[in-house]
2 protein chains.
Amino acid sequence: MKISFNDYISIMIHQTDLTLTSYIKAKLAPLNIAPEQNLILLLLWEKDGLSQNEIAKRLNKDKTNIARMLSNLEKKELISRHINETDGRSFNVYLTEKGIKLGEQVYPITEEFNRTVCSGITSEELQVVNEVLLKMQQNVEMSVK
Amino acid sequence: MKISFNDYISIMIHQTDLTLTSYIKAKLAPLNIAPEQNLILLLLWEKDGLSQNEIAKRLNKDKTNIARMLSNLEKKELISRHINETDGRSFNVYLTEKGIKLGEQVYPITEEFNRTVCSGITSEELQVVNEVLLKMQQNVEMSVK
DNA sequence: CCTTTTTGGTTGCTATAGCAACTAAATATA
DNA sequence: TATATTTAGTTGCTATAGCAACCAAAAAGG
């Protein structure tokens, strides 16, 4: 019997991601930041001064996008880039005052988002989901090598 | 204690989706179809003649993208659009011979992809993941209304 | 029947997302 | 130390993704 559309777990994951992204996008819109820009800021709020490459690795994304998103964040005056003193190819990315302050506004939004998403789901279930998703990533990454 | 980057399940879902999409993208590249184009074809292989709107609803996507992706599929001569006889606004989307034949090549690839992704994961775990992801979608959709 | 509302699709815009090819700086190696 | 290779970032390309505004056909309601 052929596997049908609804049987693919990857499609379920994809649809869920789109739904969640669309929701947080709307929540962040009043603050004039996009979801992926928010992810970069989230990293910087935890640890300032990362290089573009480090950000790309942490977000598991192509450095191309990171560079472009950082340009946008720079235009919005939320971050600034400074050439690394010991490596002339590399930039360190720092939050501006405005970028730091934005964090205080964003935090309650992402907090509430997380509560909404996880409502009615036990921590055991979340644990299973987390482990299974990690395993899936490892499965395809191993398959590539 | 503040929630950190790695604690957000939505980020985990997003990263996993990117990893899986990137993998299937590479697998489908030799057949010259992109992952989302493949999703549309997957629907049509199951049921031919859907309208653009029906496709958008099944894929839970904006009709704008569907229209554009269908244009691409039309350029590749995999589908054709015919005006609905009883509703002059609507198009029915049909697979071409070429589109039907492509299905036979794609099926083993998506099958193997699914096996790779799910390897080492029990069906009970998959069941939990499926239910939790569905619940998360419902959580945010309820929150919007 | 004629106006109003809804519905199916398109166009224009912005934001991801990643590949290929490139530049320039840093490192490794002959 | 001169050459080769690797690394950090940019530019150009294609493909998603969804919002707003729009057009035209269909349906609803008076």
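In the text below, chain A, chain B and the rest are named by the order of the sequence lines, each starting its count at 1.
We find that CG of A:D87 is positioned 11 Å from P of C:dA25, with the value rounded to whole Å. Remark: P of D:dA17 and CG of B:L70 are 13 Å apart, rounded to the nearest angstrom. The CG atom of B:L18 sits 14 Å away from the P atom of D:dT16 (whole-angstrom rounding). Rounded to whole Å, atom P of C:dG18 lies 9 Å from atom CD1 of A:I66. Between the CD atom of B:Q52 and the C1' atom of D:dC23 there is a distance of 15 Å, rounded to whole Å. As rounded to whole Å, 12 Å separates atom P of C:dT10 from atom CG of B:D62. Regarding A:I40, its CD1 atom lies at a distance of 12 Å from the P atom of D:dG9, rounded to whole Å. Atom pair B:K61:NZ and C:dG9:C1' shows a separation of 18 Å (rounding to whole Å applied).
Both A:Q37 and B:N92 lie near DNA chain C, and the one whose nearest nucleotide falls closer to the 5' end is B:N92. For A:T19 and A:A67, each mapped to the nucleotide of DNA chain D holding its nearest heavy atom, the one lying further toward the 5' end belongs to A:A67. The nearest heavy atom of DNA chain D to A:S22 and to B:N38 marks one nucleotide each, and the one closer to the 5' end goes with B:N38. When each of A:T86 and A:D17 is assigned the nucleotide of DNA chain C with its nearest heavy atom, A:D17 is the one assigned upstream, toward the 5' end.
Remark: the A:R68 side chain and the C:dG18 base include a donor-acceptor N/O pair separated by less than 3.5 Å.
Atom CD of B:E74 has more than 12 heavy atoms from other residues, nucleotides or ligands within 6.0 Å. No more than 12 heavy-atom neighbours from other residues, nucleotides or ligands sit within 6.0 angstrom of CD1 on B:I83.
One finds a side-chain N or O of A:R81 lying less than 4.0 angstrom from the OP1 or OP2 phosphate oxygen of D:dT10. Dashed line: the shortest gap from a side-chain N or O of A:K63 to OP1 or OP2 of D:dA8 is not under 4.0 Å. For the pair B:N65 and D:dG18, the criterion of a side-chain N or O lying under 4.0 Å from OP1 or OP2 is met. OP1 and OP2 of C:dA17 both lie 4.0 Å or more from every side-chain N or O belonging to A:H14. Regarding contacts with the backbone of C:dG9, every side-chain N or O of B:T64 stays at 4.0 angstrom or more from both OP1 and OP2.
In plain terms, the two heavy atoms of B:I33 and B:K76 that are nearest each other are CA-NZ, 4.1 Å. What you find for A:L73 and A:Q37 is that their closest heavy atoms are CD2-CB, 3.8 Å. Between A:A56 and A:K63, the closest heavy-atom pair is CB-CA, 4.0 Å.
Residue contacts shown for A:T21 are absent, as no nucleic acid heavy atom lies under 4.0 Å away.
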Pull out every protein N or O sitting under 3.5 Å from an N or O of nucleotides 2-7 of chain D, one pair per line with the distance.
unit_1	atom_1	unit_2	atom_2	d
D:dT7	O2	A:R89	NH1	2.6

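Looking only at side-chain heavy atoms (C-beta outward), B:V117 and B:Y23 stay at 4.5 Å or farther from each other.
Side-chain atoms of B:S51 and B:N53 form no donor-acceptor pair, as typed in the model, at a separation below 3.5 Å.
Salt-bridge check for B:E36 with B:K61: passed, with a basic side-chain N closer than 4.0 Å to an acidic carboxylate O.
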